[in-house]
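Let me begin by presenting the structure, written as structure tokens, before commenting on it.
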Amino acid sequence: MKSAVAPSLGEALQEAIKLAQTVEQHSEAQAVFERLHQELQGQHSPAADLLAVLWREYLRSQRSTLFWQELCQVEKHLSEQLSESHLQLKQNYLRLIQEQ
């Protein structure tokens, strides 16, 4: 019986992890995980509790990762704009010097 149940638990966990990779699907991932957790709770309560702690930490790390990726993109965009502005100012300065 355990061998028949274990693959479905593993598949459910893999599905929840896959869904949790985007913030927009975290609620769906949480729903899948809750079903998994309830099933595991009936079979092995300490393992279910440990898995719940690990799941919460996983979601936090996913959110953190996504936040820092977004922040890096914003920083990259600002850096590109700053470089463009600097280049434009330099060109304007050189034109001004040539005109004088």
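Positions are given from 1 along the sequence. Bear in mind the structure is a predicted one, so any value in this text is a computation, not a measurement.
The heavy-atom pair separating Gln62 from Gln21 by the smallest distance is NE2-CA, 3.4 Å. The two residues Asn92 and Arg95 come nearest to each other via the heavy atoms OD1-NH1, 2.9 Å. Residues Ala12 and Val32 approach most closely at O-CG1, 3.4 Å, considering heavy atoms. Across Trp55 and Ala29, no two heavy atoms sit closer than the pair CZ2-O, 3.8 Å.
Atom CD of Gln81 and atom CD of Gln88 lie 13.5 Å apart (nearest 0.5 Å). Taken to the nearest 0.5 Å, the CG atom of Leu50 stands 10.0 Å off from the NE2 atom of His44. Rounded to the nearest 0.5 Å, atoms OG (Ser8) and CG (Leu13) are 11.5 Å apart. From Ser45, atom OG reaches atom NE2 of His37 across 7.5 Å, with rounding to the nearest 0.5 Å. Note that NZ of Lys76 and CG of Leu71 are 14.0 Å apart. Values are rounded to the nearest 0.5 Å. Within the model, atoms CG of Leu89 and CG of Leu82 stand 9.5 Å from one another, a figure rounded to the nearest 0.5 Å.
Looking only at distances, no side-chain donor or acceptor of Ser79 sits under 3.5 Å from a matching main-chain atom of Glu75.
Side-chain contact between Phe33 and Leu19 is absent, with no heavy-atom pair separated by less than 4.5 Å. For the pair Val74/His77, no side-chain contact is recorded, criterion being any heavy-atom separation below 4.5 Å from C-beta on. Inter-residue side-chain proximity for Asp49 and Gln41 is flagged as met; some heavy-atom pair is nearer than 4.5 Å.
Here Arg60 pairs with Glu57 under the salt bridge (Lys or Arg N to Asp or Glu O under 4.0 Å) rule; sequence neighbours left out.
Remark: the Glu34 side chain and the Gln30 side chain contain an N/O donor-acceptor pair separated by less than 3.5 Å.
Under a hydrophobic clustering in which Ile, Leu, Val, Met, Phe, Trp and Tyr are joined whenever their side-chain heavy atoms come within less than 4.5 Å, directly or via other members, Leu59 and Ile17 fall into the same cluster.
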